[in-house]
Structures are given as structure tokens and as C-alpha cells.
**Student:** 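Structure provided below as C-alpha cells; questions to follow.
Residues take their numbers from the sequence shown, with the count starting at 1.
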Amino acid sequence: MANETAFPSPEDDSTLDHVESHAALDGETLAEKVEGVYDASSIQVLEGLEAVRKRPGMYVGDNGRKGLHQMFREVLDNGVDEALAGHCDVIKVGMYRDGSLSVEDNGRGIPVDLHQKEGISALTVIMTKLHAGGKFGGGGYKVSGGLHGVGVSCTNALSAWMETEVKRDGKTYRQRFEKGVPVTEVEVIGKAEGTGTKQTWLPDATVLTDTHHDVHILKKRMKEIAYLNPKVKLEFESEIEPEDSEVFYYERGIVQLVEDMNEGEDAIHKPIHFHRLREGMEVEVAIQYNTGFHTNILAYSNNIHQPDGGTHVSGFSTALTRVINSYGRKMNILKEKDKNFTSEDVAEGLKAVIALKLENPSYNSQDKVKLVTPEAQGATNSLVGDGLSTYLEENPNVAKRIIEKAMTAQRAREAARKAAEAVKRSSAMDSFGLPGKLSDCVSKDPTVSEIFLVEGDSAGGTVKQARDRVTQALLPLRGKILNVQKARIDKALDNEEVKSLIAALGIGIDIDTSRESDEEGNGKSNFDLTKLRYHKVIIMTDADVDGEHIRTLLLTFFYRYMRPLLEEGYVYLAQPPLFVVKVGINERHYAATIEERDRIVAGLKKKKVTVTRFKGLGEMNPDELEETTMNPEKRRLIRVELNREFEAEIEIMFSKLMGDKVEPRREHIFKHARSTDNLDWHY
Ligand code: 0RA
């Protein structure tokens, strides 16, 4: 037996732990540091900054990757607010070799004159005082509240240094801060043409565990802002990787976003756009149906995404259902004896974006994932109600296609409900309703049980010998499971592999999202995550193109019909090794990549080694498979995380990868093949 392995690392559980930093102040307090420079009134400010540095999590989410990018968001949102107030149209973001970032806008410039109450420059107040932003409202409301809405002073507090440059009144002003504390006065450093604000900062590695900005995340936020604010051009430039430079500018705003969400699909009409500004609330909606079956509604308020929807979404959804039903009745397409369409029926193949801008929105929690402002419901409902009924009257051909689509959806949903119910009674299931192909584990405790979804029967045989029978179950999947992006769910449920998978996991499928049911139980979801039989669902495929494909098909299936499984982090990818490096008879080292193989070989210099590449799981013997890929003590697992912030991008990715049109898919694979980072599965 090998006693040394290249796979000693523990399972990689990539969820963020909320460790707070303890190294906040390097010995001396901020107050001590600036003693003599500022008087007692600034002590309050210093205490504020100190609080941020001591507990970054309270202000920007955490002291790692998330917090780091929240710091960027706070600064960017300041510029966006200036744009929304109508004073700026270009925001430039720069990334530099030393790890710093800059955000520059061509707005009015932060005021530099004396702040009456504080007795220091307004600029200094904005940069150092928590929640200072709101006081400078100067007309127009502040809308781009970041997730935490704490303002730029938090970014400042968490930066080794930050410099603010303001162009105003023909002059350029500058002030520099270190760890949030001013280290210079507001100085005039030259003349200026035009106006604007430039913020440059270096995140402080003594309070943050991660100071490495992810270009992908920066750009995503910029892209989202550009879609939601069509008048603003956002330019990204990187000193490190000039090829990363990109301009985000969508003159048609959310109309363009729905088009892009439908990129891999066949749309059945041009996007329909509704827009209204009334009583201080701006509501904008864009919708477009495609010939497919999936629904995606993206909802925003004040430039923040609500993955859990809320009043704006329910207002939209009831209007859509009401208008389509009444049009169907009026045109007598929906006959007297026919049931009304449900909100699911009318949403099939629909891509929609709802974007609100409103003062003082309320949310159900601090992370703003659900809007609860009551007025948002009526406002969205009446806009979509009025707009859509007019549209249907004026476009009878499109109207007819939408109604027909809802009709098919209604029938299919009925069929799917029956099929999902029938899964347990299928001939492929044993008397417990479990698939015959499943080699179950002994344990019935889901928290310690795992299921390996394994490609092919031959690998299945090896896995069966390698597994720990007590906690590890095995479901071999023969051939390819159906591409559910292309097949409607009732069709997907004809597929044996799909049926086995559903039965083995025990949670049913998520056909309906509304979960409202009528007396007959129609619309009642049979999906129940609490019935999950294994808390680790591990996809184990060969490291080749076929394996990759099966993995994607499985993830697509989970995404479409068991999304909470992904959201709650129950899905993992096994990491079988690609190479074995043998020394003599007893010593073996395993490598997952070519680089790792080369490193191992280099480390064994002078010894005689043989290197073998595994072509597939089936080629390994049970001992090898157990040791490298299955044994919890030695294996490396990757948890698949669905990053809800990037829902729009994920939607675009899936429709490109799996949708009807071939061209965008090819382009997508080509563009992203080399970097898994670009997929939104966070490994
Ligand atoms: C308060 C008042 C005024 C402008 C701003 C704040 C402002 C803040 C930021 C932050 C980033 N960019 C910004 N641009 C402007 C208006 C002052 C006036 O009346 O000219």
C-alpha cells in the first residue's frame, strides 16, 4: 500500500467562515495615532473607523473575498448615485499592479469646502464618517445603496491607504488617508478642466484575509450597473492584464439584458418594454418569451438584485397572469370549461427583468434579497397590467403565440405532475420506491450519508468495491442523462436515468415555484428538500470530454429542477487523479494536473519513476480509487456553489451551453474553455 499520497488535503469546503480579524490596529489605536492633528470632535470619527477595522464583517459582510469586493461596490455605487442624479455619465475603474483599485467619475466632484457642523472639509467628513453620504443629498435621492449601504468611509477604514482627488472650480484637490485616518489636509495640487471625483485605494492586508481583487467580480458588478443604468458608460482598465479592459454601455438597458438572457434561445417576439415614473417611484419592466420552457425573472430595486423577489415580483406575476387569462377568455381561446392559467403556465419560456428605483425601500432582511415595500406591488402590477393588455391588443399574432404557449404549458404541467408522482411506482424501482440500480448505503442518517453519481457501469463496479458500505451509496448512470434544457420536464421524466436519480435522492422535483395549490392539489409542489437522503451528492465522472458533458448535464438538471440542492451546497464534484507516479513497487503519488505531476516527478529526482495517465475511473483499481477519490480522509472534493448574485450570468451561461441554438454555444465554450473561473459554479 502506498503510504504517501499527493492527496492529503482535507475536503475543500469553500463556504465562507465569518472569522473576524483581530489584527486590526497594529498596537496603537487610531486615536493615539492622530493625536494633536484633530481635536476632540474627531474622536467620534476615529472610534467609528476603529469599529470598522475591528469587525469588518459587521460593515462589509466579512473580512475576506466578499468584504473586499463590497468595498469596491461601495465606491462604485457612489459614482452611480452621482450618475443617477444626472451629473455624470462615465465611470472608470482601474486596477493596478500594486493591488490598488480606482473609481473615477465625471460628476460634480465631492464638495471640499468647510462643513458647517464638523468644522472640517466636507470631503474629509464623507471619507471618514460612517453613514455620512446621506447628509449631502443635494437633490435626487440616494439609490444605489450597496448591500450594506455603509458608504465609502468603510472602504477607507479598511484600506492601507486611500486617496481622493476632486476636480471642482478649475482646481484639483487631493487628500490622503491611511487606515481611514487623514494624513494630509485637503490640498490643491493643480488646475483642472471639468469636474469629477477619483478614488484610489489599497485594501489593508492587516485587517483583510484576502486582498486580491477578482476581475470577474468587478466586471460583473459593472456590467449589471450598465444594464440597469443605460445612460452610464462604465470602463474597466487593468494595468496588470491590458486584455481585461472592457467597456460596459447598454443604451437600451434592461431591454438588452432580456435579449442577452435569451441569447441561446429562439425568441418569439421583440422584447416588450414598460416604463413609468409616478409618485417618486420609477418602475421599468422588460419581457421576452422564447420557444423553450424555462422561466427567469430578475428583479432589482435601486440597483440591487433580489434573488428572492418580493412585492415587485408578485405585482408583476399577478398582472401577467390576469392579463393573459382575460385576453384568452375575451378571444375565446380559453373556453368556458377550461381552467384559468396559473402564474407558472404564463411564465413558461419567459425572461423578464423588473427594475425599480424608489426612496426608502424596505427589505425582509439586511442582505436585501427580498423587497417588502407594499407600494411596489401596486405600482408594478398596474404598469404591467396596462402595458401588456395594450400590447396584446395591438399585436394579436404575438398574443396568440403567448396564449398557445401557456396552453401547452398547462397541459405539460399536468402531465409532469402525474409523471413525478409515478416515479416511485415505476418498474425500475424496488418495493421501497428506490431504483434497482442503486447500491444504497447502510446508514439511514442523511447527515453522514453520501451518494456517488458515477458515469457508466464499468466504473460503477470499481466504485462498488472501493466504497464504504456504511455511508457511501452508489448510483451508476448509463449513457447520457437527458438534456433538460432542451426537453420539457414531462419528457425528461420518461428518461430512466432521470427517474432513478429523482427516486434515489428522495426529494422529488421542483416543478412549480409558486407552491400555491387549488382544492384539487394542482400546483402543489412535491419537492421537499428535507427528505434528502444524502447530504453529499457527489458527481464522479472521468476527466475527459464525455465526463465533462455528463457533469454539465447533471448540474443543469439540478439547476432546473432541484435548485435548492445547489443553493444549500449539497452537491460536490469528486476529483479523481489524472496521473499516478510510481517509485519501485510500493511508493505511489497521485496528481490531478500536469503541473502537479511535474512537481512530484521533480521532487523525486534521481529515483526511477514511471508515470501513468488514467484514462478513466474504470482503469483504477478499487484501492487506488478509494485512496485518491473516495476516502473522506484523503480525497479532495469540490463543493459546487451557486452564487446567487450572478443569477443573470448563470442564466445566460446555461442557455448558451444547453439551449437550442448551436452557434452561441460553440462561442461560449470556446471563450471559456480554458478557464473554469468564468463559469459561475464556484469551485
Ligand atoms: C455631495 C454633494 C455633491 C456631490 C457629491 C456629494 C458627490 C459625491 C460623490 C462620490 C463619488 N462621486 C461623487 N460625486 C459627487 C454636490 C455638490 C454641488 O452642489 O456641486
**Student:** Side-chain donor-acceptor pair under 3.5 Å between Asp266 and Asn290, yes or no?
**Tutor:** no

**Student:** Looking at every heavy atom in both Phe557 and Ile502, which two are closest together, and how far apart are they?
**Tutor:**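 Where Phe557 meets Ile502 most closely, the heavy atoms are CZ-CG1, 3.9 Å.
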
**Student:** Run the salt-bridge test on Lys357 and Glu284 with the 4.0 Å N-O cut-off and return the result as yes or no.
**Tutor:**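 No, Lys357 and Glu284 are not salt-bridged.
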
**Student:** If you round to the nearest 0.5 Å, how far is NZ of Lys418 from CG of Leu493?
**Tutor:**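 Between atom CG of Leu493 and atom NZ of Lys418 there are 13.5 Å.
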
**Student:** Please determine whether salt bridge (charged side-chain N to carboxylate O under 4.0 Å, His left out) holds for the pair Arg411 and Glu414, giving the CA-CA distance in whole Å, both sets of side-chain angles, and the decisive distance to 0.1 Å.
**Tutor:** CA-CA 5 Å; Arg411 286 188 205 120; Glu414 211 49 58; over 6 Å; no

**Student:** Is there a side-chain contact (heavy atoms from CB on, under 4.5 Å) between Ile287 and Val384? Walk through the geometry before answering.
**Tutor:** CA-CA 10 Å; Ile287 65 172; Val384 175; over 6 Å; no

**Student:** Does some side-chain heavy atom of Pro361 sit less than 4.5 Å from a side-chain heavy atom of Asn302?
**Tutor:** yes

**Student:** Go through it in stages, so that I can follow the logic: the residues are His269 and Tyr391, the test is side-chain contact (heavy atoms from CB on, under 4.5 Å), and I'd like the CA-CA distance, side-chain angles, deciding distance and then a yes or no.
**Tutor:** CA-CA 12 Å; His269 59 88; Tyr391 178 90; 4.1 Å; yes

**Student:** Any heavy-atom pair between the side chains of Val571 and Arg639 that's under 4.5 Å?
**Tutor:** no

**Student:** Does a side-chain heavy-atom distance below 4.5 Å link Pro396 with Tyr327?
**Tutor:** yes

**Student:** Is it the case that His312 and Gln306 place a side-chain donor and acceptor less than 3.5 Å from each other?
**Tutor:**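 Per modelled atom types, His312 and Gln306 side chains form a pair under 3.5 Å.
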
**Student:** Have Asp77 and Asn303 got a donor and an acceptor in their side chains that come within less than 3.5 Å?
**Tutor:** no

**Student:** With a 4.5 Å heavy-atom cut-off, do Tyr300 and Leu228 have their side chains touching?
**Tutor:** yes

**Student:** Grab the two heavy atoms, one from Thr295 and one from Ala347, that are nearest each other, plus how far apart they are.
**Tutor:** OG1-O, 2.7 Å

**Student:** Check step by step if side-chain contact (heavy atoms from CB on, under 4.5 Å) holds for Phe527 and Ile507.
**Tutor:** CA-CA 6 Å; Phe527 184 80; Ile507 54 180; 3.8 Å; yes

**Student:** Step by step, would you call Glu246 with Lys223 a salt bridge (charged side-chain N to carboxylate O under 4.0 Å, His left out)?
**Tutor:** CA-CA 10 Å; Glu246 200 171 344; Lys223 192 172 181 180; 5.9 Å; no

**Student:** With rounding to the nearest 0.5 Å, note down the distance linking CG in Leu565 to CG in Leu505.
**Tutor:** 6.5 Å

**Student:** Kindly assign one of parallel, tilted or perpendicular to the pair His275 and His273, based on the angle between their ring planes and the thresholds 30° and 60°.
**Tutor:** parallel

**Student:** Hey, is Lys233 close enough to Asp89 for a salt bridge, meaning N to O under 4.0 Å?
**Tutor:** no

**Student:** Just so I know, are the side chains of Ser301 and Leu358 near enough to count as touching, which here means a heavy-atom distance under 4.5 Å?
**Tutor:** yes

**Student:** Nearest heavy-atom pair of Thr556 and Thr552: which atoms, and what distance?
**Tutor:** OG1-O, 2.6 Å

**Student:** Distance-only, no hydrogens or angles: does the Arg329 side chain make a donor-acceptor pair with backbone N or O of Lys335 under 3.5 Å?
**Tutor:** yes

**Student:** Once you round to the nearest 0.5 Å, how far does CG of Asp308 lie from CG of Asn364?
**Tutor:** 7.0 Å

**Student:** Taking all heavy atoms of Ser382 and all of Arg276, pick out the closest pair and write down the distance.
**Tutor:** OG-NH1, 3.0 Å

**Student:** Is there a donor-acceptor contact under 3.5 Å from the side chain of Lys368 to the main chain of Ser365?
**Tutor:**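 Not confirmed, Lys368 side chain does not pair with Ser365 backbone.
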
**Student:** Are Leu388 and Phe316 packed together at the side-chain level, in the sense that at least one heavy-atom pair is separated by less than 4.5 angstrom?
**Tutor:**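 Contact flag for Leu388/Phe316 side chains = no.
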
**Student:** Consider only side-chain N and O atoms of Asp260 and Tyr227, and report whether a donor and an acceptor are under 3.5 Å apart.
**Tutor:** yes

**Student:** Begin from the C-alpha positions of Phe72 and Val103 and carry the test side-chain contact (heavy atoms from CB on, under 4.5 Å) through to its verdict.
**Tutor:** CA-CA 8 Å; Phe72 163 70; Val103 173; 4.0 Å; yes

**Student:** Can you tell me if Lys370 has over 12 outside heavy atoms packed within less than 6.0 Å of its NZ?
**Tutor:**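 Result for NZ/Lys370: open.
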
**Student:** Could you check whether any side-chain N or O of Gln410 sits under 3.5 Å from a backbone N or O of Ala406, counting only pairs where one atom can act as donor and the other as acceptor?
**Tutor:**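 No; zero donor-acceptor contacts below 3.5 Å.
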
**Student:** Between Tyr570 and His535, how do the two ring planes meet: parallel, tilted or perpendicular, split at 30° and 60°?
**Tutor:** tilted

**Student:** Measure the spacing between CE of Met222 and CD1 of Ile217 and express it to the nearest 0.5 Å.
**Tutor:** 14.0 Å

**Student:** Assess whether salt bridge (charged side-chain N to carboxylate O under 4.0 Å, His left out) is satisfied between Arg65 and Asp214, documenting all intermediate values.
**Tutor:** CA-CA 9 Å; Arg65 186 180 167 84; Asp214 183 335; 2.8 Å; yes

**Student:** Would you say Gln377 and Ser314 make side-chain contact, with heavy atoms under 4.5 Å?
**Tutor:** yes

**Student:** Under 3.5 Å, is there a donor-acceptor pair between the side chain of Gln288 and the main chain of Ile272?
**Tutor:** no

**Student:** Is there a side-chain contact between Leu218 and Arg221 (heavy atoms, below 4.5 Å)?
**Tutor:**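 Answer no - side chains too far apart.
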
**Student:** Drop me the distance from Ile550's CD1 to Ile539's CD1, to the nearest 0.5 angstrom.
**Tutor:** 10.5 Å

**Student:** Looking at Lys330 and Glu393, is any side-chain nitrogen of the basic one under 4.0 Å from a carboxylate oxygen of the acidic one?
**Tutor:** yes

**Student:** Apply side chain to side chain donor-acceptor pair (under 3.5 Å) to Gln70 and Glu74, showing your working.
**Tutor:** CA-CA 6 Å; Gln70 183 60 35; Glu74 296 293 343; 2.9 Å; yes

**Student:** Indicate the atoms forming the closest heavy-atom contact of Thr530 with Asp528, along with that distance.
**Tutor:**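 Answer, listing the atom of Thr530 first, then Asp528: OG1-OD1, 2.6 Å.
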
**Student:** First locate atom CE of Met281, then atom CG of Leu383, and finally report the distance between them rounded to the nearest 0.5 Å.
**Tutor:** 11.5 Å

**Student:** Do Thr380 side-chain atoms and Ala376 backbone N/O form a donor-acceptor pair below 3.5 Å?
**Tutor:**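 Yes.
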
**Student:** Ignoring hydrogens and geometry, is there a side-chain-to-backbone donor-acceptor pair from Asn395 to Asn397 under 3.5 Å?
**Tutor:**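 Side chain of Asn395 to backbone of Asn397: no pair is present.
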
**Student:** Could Arg401 and Glu404 be called an ion pair, given the rule that one side-chain N must be under 4.0 Å from one carboxylate O?
**Tutor:**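 Answer for the salt bridge query: no.
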
**Student:** Quick test of your reading of the model: are Asp510 and Arg563 salt-bridged, counting only N-O distances below 4.0 Å?
**Tutor:** no

**Student:** Side chain to side chain donor-acceptor pair (under 3.5 Å) for Tyr289 and Glu348? Distances and angles first, verdict last.
**Tutor:** CA-CA 8 Å; Tyr289 283 94; Glu348 206 175 90; over 6 Å; no

**Student:** Using the rule given for salt bridge (charged side-chain N to carboxylate O under 4.0 Å, His left out), can you reason through Glu496 versus Lys499, listing the C-alpha separation, both sets of side-chain angles and the distance that settles it, and then say yes or no?
**Tutor:** CA-CA 5 Å; Glu496 285 307 319; Lys499 274 195 239 181; 3.7 Å; yes

**Student:** For Phe341, does its backbone N or O pair with a side-chain atom of Asn325 as donor and acceptor, under 3.5 Å?
**Tutor:**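 Yes, the answer is positive, given that a donor and an acceptor are paired below the 3.5 Å cut-off.
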
**Student:** Can a side-chain donor-acceptor contact be found between Glu265 and His294 if the only test is distance below 3.5 angstrom?
**Tutor:** no

**Student:** Do we see a donor-acceptor contact under 3.5 Å between the side chains of Thr373 and Tyr363?
**Tutor:** no

**Student:** What is the minimum heavy-atom distance between Ala504 and Ile451, and which atoms define it?
**Tutor:**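 Nearest heavy atoms, Ala504 then Ile451: CB-CD1, 4.1 Å.
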
